[in-house]
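Quick notes on the structure that follows.
Numbering starts at 1 and runs along the sequence shown.
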Amino acid sequence: MPRAGQRVRTFRAAVVSVAALGLLVTGAPAGTAADESTATATPLSAELEEIRAAQAVELYGDPAQRPMDERAVSLASLGDSEISGEGVGNYEEPTDGPTNWCHRSYDAAIHRTDIPADVTYNFACSGANTENIRIGGTPQYSDELVQSDSLAIAARNTRVDTVLLVAGANDDLEFGPVMTDCVIRWFALWQGNCAPVYAPGWQARVDGLRPKVEATVTDLHTVMAEAGYARDDYRLILLGYPSPVGPDFQDNPSFPGKIPGGCTLATSDAAWGRDVAVPLFQQGMRTAAQNADATYLDASRLFHGHEVCMDNTWARGLTVDLSNPFPPDSNSVRQSFHPNYRGHGAFASCLSQLHASGLTEASCADPASTGTAQLYPGAWDDHFAPLVNEATGECADTRRASSRNRTEVQGHPCHGARNQGWWYDAERQSLHSELSHDRCLDVPSSRYTAGTGLQIFDCHGAANQKFTFDNGTLSPAQAPALCVTQTAAGRQLTLQPCDGSAQQRFA
């Protein structure tokens, strides 16, 4: 059921009969004056016009297509399970089976933003690929429209402020089957891990899906133009995908075990998903947004620290719905590894901040494990860079590419991997590892003494994770007379009295 105050409309051809409403739709009603926006709209097909008129009756009490300034303001989301609300529960009827598994949730992100709107539409459907969204595409179920057709109808009845698209995972990437295989391989240990199977061809999969996402964005712009919108009348946002899994679950003080927690895949596979698969996917999505004129919202690090089996998780783990007919099938586990209620709340917060910011590209993450998402300008790829010690020429490196709590930070020959990438958050004075936004440079137990070795630890915003960064010199904010130092090649970074030497300068 919708929650109190929710601005949500659901509409499907299967539940609407224009004849039952006593309407005869042959165009705009006599005596209705069309303004420029309605006059320039391309007419819909007879079938879609019938549905549009019935939707107008639902909204306004009559079938007229209104001038733009007389319409309700709306938000619309299109795409796949990541944004439909799969995994959240509280699903709209009839999208919870047995013949329609779109799993549209009343608690999906599009219904929970702070963006001013009168109506919110969720046209996304679990399992959708770009062919189910594009102009002239294929509906997923007999009682569903192609998603672009649903947008075309809403764009003529309401003033669409924001179009949100999340798509690509079900095209060449085949994210669901890959995750399923990874889980099966964990249970069937003799089959081996999944990362070695998929890693060699992963970039090719991303390269294959990117033009399909670009074409989908272009089609949605076409839908809006044919509905009488200028390009600056609305915002089209392409939202990236966060990683639902990570390898650091044992840092959760309440880690319940892999099976009870649902993180049933090999730890190394979870690391590959977070550190390789999702970042490459993100880069492809970002390029698609740039090429097709969409606002890009990078969510690739949004769930860091909130992955399955972590504390305050924002995603479901392996979930088996035993209410489905026995034996279990793919629909019994389809909610697995999808954002939960808190995850969609994070999406909604990021979208609200993006709308208020006016940025055309932004990133979102929880920077201090507070459970609160924060927006930053640009994509995450632009924020992280190596820290190269002037004396040794080595890069600051998390030992053995680990992001576990208390991992030492050392000098190591530079190789460009993510365990050598760092981002300094000037607002919080924290230095984040590229491996996980939830791991920050940390002075163990606040020991501000010469010789203390530095580590990474859960980002928490306390004083022992605050550093000043001035002209390449890093110092604890609480101990400015001490500087981060690499005393020799291959050695752990330590605190030493500041002396201005090259060992204490990082570029």
Side-chain angles (χ1 to χ4, degrees), residues 114 242-244 246-255 274-275 278 297-315 339-340 342-354 356-357 359 362-380 382-385 387 396 398 402-407 409 418-419 421-448 454-469 474-479 484:
D114 294 328
S243 175
D248 302 326
F249 45 83
Q250 289 181 329
D251 287 335
N252 177 2
S254 301
F255 173 56
R274 185 196 67 181
D275 301 337
V278 168
L297 179 54
D298 181 356
S300 61
R301 303 175 70 81
L302 181 58
F303 286 13
H304 283 190
H306 301 291
E307 299 100 332
V308 176
C309 285
M310 297 292 282
D311 47 323
N312 189 20
T313 180
W314 288 357
N340 59 20
R342 291 186 295 274
H344 273 264
F347 284 153
S349 176
C350 296
L351 291 166
S352 300
Q353 294 175 63
L354 178 63
S357 74
L359 293 168
S363 308
C364 211
D366 178 358
S369 299
T370 61
T372 303
Q374 181 165 336
L375 192 78
Y376 298 87
W380 286 123
D382 297 338
H383 289 295
F384 286 84
L387 287 174
T398 64
S402 173
S403 52
R404 290 290 307 277
N405 280 342
R406 300 182 178 84
T407 296
V409 180
R418 291 170 73 85
N419 69 313
W422 301 88
W423 173 58
Y424 181 66
D425 183 343
E427 178 183 351
R428 287 178 171 76
Q429 295 183 301
S430 52
L431 191 66
H432 295 259
S433 168
E434 191 173 5
L435 286 174
S436 174
H437 216 82
D438 193 46
R439 294 294 181 268
C440 287
L441 188 66
D442 179 282
V443 179
S445 303
S446 301
R447 294 195 304 271
Y448 301 114
L454 300 182
Q455 63 180 12
I456 56 171
F457 200 83
D458 278 334
C459 299
H460 47 63
N464 67 319
Q465 293 186 349
K466 294 183 182 295
F467 293 82
T468 61
F469 202 175
L474 273 167
S475 293
Q478 297 296 305
V484 176

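- Classified by interplanar angle (parallel below 30°, tilted 30° to 60°, perpendicular above 60°), the ring pair His432/His437 is parallel.
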What do the steps show when you test Arg439 against Asn405 for side chain to side chain contact (heavy atoms under 4.5 Å, CB included), and what is the final call? CA-CA 8 Å; Arg439 294 294 181 268; Asn405 280 342; 3.3 Å; yes

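- Side-chain contact of Asp298 with Ser300: a donor-acceptor pair under 3.5 Å is present, judged by distance alone.
- Looking at Thr398 and Ser433, their side chains never bring a donor and an acceptor atom within 3.5 Å of each other.
- Here the side chains of Val443 and Phe467 are in contact, with some heavy-atom distance below 4.5 Å.
- Shortest non-hydrogen contact noted between Ala373 and Gln353 is O-NE2, 3.0 Å.
- Gln429 contributes atom CD, which lies 11.0 Å from atom CG of Leu474 (distance to the nearest 0.5 angstrom).
- Arg406 contributes no side-chain N or O that, together with a main-chain N or O of Pro444, makes up a donor-acceptor pair within less than 3.5 Å.
- Note on ring orientation: taking the six-membered ring where Trp is involved, the planes of Tyr376 and His383 are perpendicular (angle over 60°, cut-offs 30° and 60°).
- Expressed to the nearest 0.5 Å, how far OG of Ser243 lies from NE2 of His306 amounts to 13.0 Å.
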Carefully, step by step, assess Phe347 and Leu302 under the rule side chain to side chain contact (heavy atoms under 4.5 Å, CB included). CA-CA 9 Å; Phe347 284 153; Leu302 181 58; 3.7 Å; yes

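- Each of Asp438, Asp458, Asp311 was evaluated against Ser369; a single residue qualifies, Asp438, per the side-chain hydrogen bond (donor to acceptor under 3.5 Å, both in side chains) test.
- Counting all heavy atoms, side chain and backbone alike, Ser402 lies closest to Thr407 at OG-OG1, 3.2 Å.
- Between the Ser349 side chain and the Ala346 main chain, no donor and acceptor come within less than 3.5 Å of each other.
- Taking every heavy atom of both residues into account, Gly461 and Lys466 meet most closely at O-CE, 3.3 Å.
- Between Phe457 and Asp251, every side-chain heavy-atom pair lies at or beyond the 4.5 Å cut-off.
- Scanning both residues, Trp380 and Cys364, for their nearest heavy atoms gives NE1-O, 3.5 Å.
- A 4.5 Å side-chain heavy-atom check between Pro367 and Arg428 finds at least one atom pair inside the cut-off.
- For the residue pair Asp366 and Gly371, the shortest heavy atom distance occurs at OD2-N, 2.8 Å.
- Nearest heavy atoms, Ser445 versus Asn464: N-ND2, 4.5 Å.
- Residues passing the side-chain contact (heavy atoms from CB on, under 4.5 Å) test with Asp275, sequence neighbours excluded: Ala271, Arg418, Leu435.
- Taking the side chain as every heavy atom from C-beta outward, Leu359 and Leu375 approach each other to under 4.5 Å.
- Under the 30°/60° scheme for interplanar angles, the aromatic rings of Trp314 and Phe303 are found to stand perpendicular.
- Partner of Asp248 under the side-chain contact (heavy atoms from CB on, under 4.5 Å) criterion, chosen from Arg274, His304, Glu307: Arg274.
- Distance check, rounded to the nearest 0.5 Å: CH2 of Trp422 to OG of Ser430 gives 11.5 Å.
- With hydrogens and angles disregarded, no donor-acceptor distance shorter than 3.5 Å links the side chain of Asp114 to the backbone of Ser352.
- For the pair Ser363 (side chain) and Gly378 (backbone), a donor-acceptor distance under 3.5 Å is present.
- Considering only residues two or more places apart in sequence or on other chains, Asn312 meets the side-chain hydrogen bond (donor to acceptor under 3.5 Å, both in side chains) condition with Arg342.
- At a threshold of 4.5 Å between non-hydrogen side-chain atoms, the residues Asp442 and Ile456 do not count as touching.
- For the pair Arg404/Gln455, no side-chain contact is recorded, criterion being any heavy-atom separation below 4.5 Å from C-beta on.
- Side-chain contact between Leu431 and Leu387 is present, with heavy atoms from C-beta onward closer than 4.5 Å.
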